[in-house]
Amino acid sequence: MKLRKSIAVLLIPLAVVLFAPDAARGANGDLAADSSFSRTMIPGSSSAIPQIVPTGREDEQIFLSWPMRELHGTYRLSYYADNDKKIEFTIDRTNTTAEVRLNTLLWNGSGYQVSGSALYVYTDMESKGYVTVAEFLAKYNVGDPYYEVKPLEGGVTPLFNIKEDTGFSIIYDNVYYHFLWNRLDGRFYLVSDHMKHGRIYNFKLEAPSEPDTYLKVMTGVLMDSFHIIPFANNDVTANDPKFVYDNDLTTYIDEIRMGGTGTDNPPGSPDNKMCLRFDIPMEYNETDRKFNQLPTNKLSFRIRLDHANAANGVEIDVLDII
C-alpha cells in the first residue's frame with residue numbers, strides 16, 4: 001500500500017513471498033529494491049570489482065539501486081539499521097568519477113555521532129580475499145587515483161574513489177557491503193546484509209536537483225512466528241480429528257475462509273479454510289529511536305495462492321500488508 005506518492009513497499013521473502021504489486025519503486029523508479037527476490041552482488045572472480053548475479057541472495061540481505069543522472073552533485077542514501085543506529089552512504093559525483101563514504105552513526109544522548117569500526121576490503125590478488133584496510137593500502141591499491149581505497153577519513157569513515165564500472169566489496173561494523181557504479185544503465189547498486197526479519201526499513205535517497213525519494217522494505221517475517229494452519233473439516237461439528245488453532249490467533253490476523261460459501265464444511269469438502277499467523281512487523285520510530293511494533297489493530301491485506309509445483313507446493317503471496 002503506498003503511503004505517499006513517492007513511497008512503495010516491498011516485503012522480500014524468506015520462505016513465504018510477501019510484496020507490494022508495484023515492484024518496490026520510488027517516484028519515477030528512482031530508488032528501487034530488487035523485485036526478483038533473488039539477485040545479489042559478490043566479489044569478482046577475476047577482479048575485486050563486485051558483480052551482479054541473478055541468484056544467491058543471502059538471508060537478511062537487501063539489494064538496492066538508483067540512477068546517477070546528474071554529472072555533478074551528492075547522492076546520499078540513509079536509513080536506520082538498528083535502535084539508536086543510522087547508516088549514511090554518500091556518493092559525491094564529478095563527471096565519470098565519484099568519492100564514496102560510508103558513515104555509521106550512533107546516538108550519543110543528544111545527537112547522532114560518527115562511530116568507527118574495523119574495515120576489511122576484498123582483493124582478488126594473491127587469493128587474499130578480505131584484508132584489513134591497512135594491508136590493502138600497503139599492498140593492493142592498483143595505482144589508479146580514480147579507483148582506490150583511501151585512508152579512513154578522520155580515522156573512522158571508510159572512503160573510496162571509484163569510476164564507472166567499478167566498486168568495492170567491504171566488511172564494516174561486521175556488515176557486508178557490495179557497491180558498483182554500472183555504466184550500462186547509469187545506476188548505482190548497493191547490497192547490504194544484517195537486515196533483520198520482522199522489521200520494516202525506511203530508506204531515504206537524496207539526489208541533486210531532485211525531490212527526495214523514499215522506500216519501505218521488509219526482508220521477511222520471522223519464520224519461527226509464521227504459521228499456516230489448514231482446516232480440512234468443520235472445526236465445530238466434525239467428529240473426525242481436526243486442527244486446532246491458538247486462541248490468540250485473531251490478535252494478529254483474521255481467519256481466511258476458502259470456498260464459495262464462506263463457511264466451514266465437513267471432511268472431503270472442496271470448501272476449506274486456513275489461518276495465517278505471524279508477529280506484527282516493527283518499524284523505526286524516530287522519536288524514541290527504537291524499532292516498535294506497528295499499531296495492533298488487525299491487519300488488512302489480500303492473499304493469492306498460485307505456482308503449484310510437482311510436490312503439490314503452493315506459493316503464498318500476501319499483498320499490501322503495510
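Please read all numbers here as calculations on a predicted model, not as lab measurements.
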G44 and Q51: which non-hydrogen atoms are nearest, and at how many Å? CA-NE2, 3.7 Å
Any side-chain heavy-atom pair from M282 and I200 closer than 4.5 angstrom? no
Find out if a path of hydrophobic residues (ILVMFWY) with successive side-chain heavy-atom gaps under 4.5 Å connects F63 to V175. yes
Can D288 and Y284 be counted as having a side-chain donor-acceptor contact under 3.5 angstrom? no
So among T97, T96, L184, which one has a side chain to side chain contact (heavy atoms under 4.5 Å, CB included) with E164? T96
Take D92 and T94 through the side-chain contact (heavy atoms from CB on, under 4.5 Å) test and state the conclusion after the steps. CA-CA 7 Å; D92 291 309; T94 304; over 6 Å; no
Can you see which heavy atom on R39 is nearest to which on R57, and at what distance? O-CB, 3.9 Å
Kindly indicate whether the side chain of L106, heavy atoms from C-beta on, has any atom under 4.5 Å from the side chain of Q113. no
Please determine which of Y130, Y147, Y176 meets the ring pair (Phe, Tyr, Trp, His ring centres under 6.0 Å) test together with F168. Y147
Determine whether M68 and Y75 make a side-chain contact, defined as any pair of heavy atoms from C-beta on separated by less than 4.5 Å. yes
Begin from the C-alpha positions of N292 and E283 and carry the test side-chain contact (heavy atoms from CB on, under 4.5 Å) through to its verdict. CA-CA 5 Å; N292 299 318; E283 188 169 16; over 6 Å; no
Does E60 come within less than 4.0 Å of K196, counting only side-chain N to carboxylate O? no
Separation between CG (L180) and CD1 (I162), nearest 0.5 Å, reads 8.0 Å
On a heavy-atom basis, which atom in K163 and which in D144 lie closest, and how many Å separate them? NZ-OD2, 2.6 Å
Rounded distance [0.5 Å steps], NZ in K128 versus OG1 in T132: 9.5 Å
Which is it for E99 and K150 under the salt bridge (charged side-chain N to carboxylate O under 4.0 Å, His left out) test, yes or no, and what are the steps along the way? CA-CA 10 Å; E99 185 177 67; K150 302 181 73 173; 3.2 Å; yes
Given F160, which of W181, F136, F179 fulfils the ring pair (Phe, Tyr, Trp, His ring centres under 6.0 Å) condition? F179
Hey, are the side chains of L64 and Y189 touching, using non-hydrogen atoms and a 4.5 Å cut-off? no
Are L137 and Y146 co-members of a hydrophobic cluster defined by side-chain heavy atoms under 4.5 Å apart? no
In one Ile/Leu/Val/Met/Phe/Trp/Tyr side-chain cluster, 4.5 Å: Y122, Y140: no
Over all heavy atoms of both residues, which pair between E70 and P208 is shortest? Give the atoms and the distance, please. CG-O, 3.5 Å
Is F203 close to L205 at the side-chain level, that is, under 4.5 Å between some pair of heavy atoms? no
Are E148 and N161 close enough that a side-chain donor and a side-chain acceptor fall under 3.5 Å? yes
How long is the span from the CD1 atom in I87 to the CG atom in N103, to the nearest 0.5 Å? 9.0 Å
Indicate if F188 and L159 have the same hydrophobic cluster label, given that clusters are the connected sets of ILVMFWY residues with side-chain heavy-atom separations under 4.5 angstrom. no
Are the side chains of K85 and L105 in touch, meaning some heavy atoms are under 4.5 Å apart? no
Check: D165 side chain, R183 main-chain N or O, donor-acceptor pair, under 3.5 Å: yes
Y172 and A118 have their tightest heavy-atom pair at CD1-O, 3.5 Å
Consider side chain to side chain donor-acceptor pair (under 3.5 Å). Of N83, D82, D84, which one does R289 pass it with? D84
Side-chain donor-acceptor pair present, N202, K216, cut-off under 3.5 Å: yes
To the closest 0.5 Å, what do you measure between OG1 (T104) and NZ (K86)? 12.5 Å
On a heavy-atom basis, which atom in P67 and which in R187 lie closest, and how many Å separate them? CD-NH1, 3.6 Å
Please report the C-alpha distance between N285 and K290 in whole Å, then the side-chain angles of each, then the deciding distance to 0.1 Å, and finally whether the side-chain contact (heavy atoms from CB on, under 4.5 Å) criterion is met. CA-CA 6 Å; N285 186 318; K290 308 292 182 186; 5.8 Å; no
In terms of side-chain heavy atoms, does T40 have a donor or acceptor partner in Q61 at a distance below 3.5 Å? yes
Assess the side chains of N108 and S110: does a donor N or O sit below 3.5 Å from an acceptor N or O? yes
May I have the step-by-step check of side-chain contact (heavy atoms from CB on, under 4.5 Å) for Y79 and S192, ending in yes or no? CA-CA 12 Å; Y79 61 96; S192 174; 3.8 Å; yes
Would you call E206 and L77 a side-chain contact if the rule is heavy atoms closer than 4.5 Å? no
Is a donor from one side chain sitting under 3.5 angstrom from an acceptor on the other, for D124 and S47? no
Exam field: side chain N141 to backbone V149, donor-acceptor pair closer than 3.5 Å: yes
Would V156 end up clustered with Y120 when hydrophobic side chains under 4.5 Å apart are linked, directly or stepwise? no
Return the CG to CG distance between L102 and L152, rounded to the nearest 0.5 Å. 10.5 Å
Can you find a pair of side-chain heavy atoms, one from T90 and one from V100, that are under 4.5 Å apart? no
Angle between ring planes, Y80 versus Y112, binned at 30° and 60°: parallel, tilted or perpendicular? tilted
Rounded to the nearest 0.5 Å, the CD1 atom of I52 sits from the NE2 atom of H178 at a distance of 12.0 Å
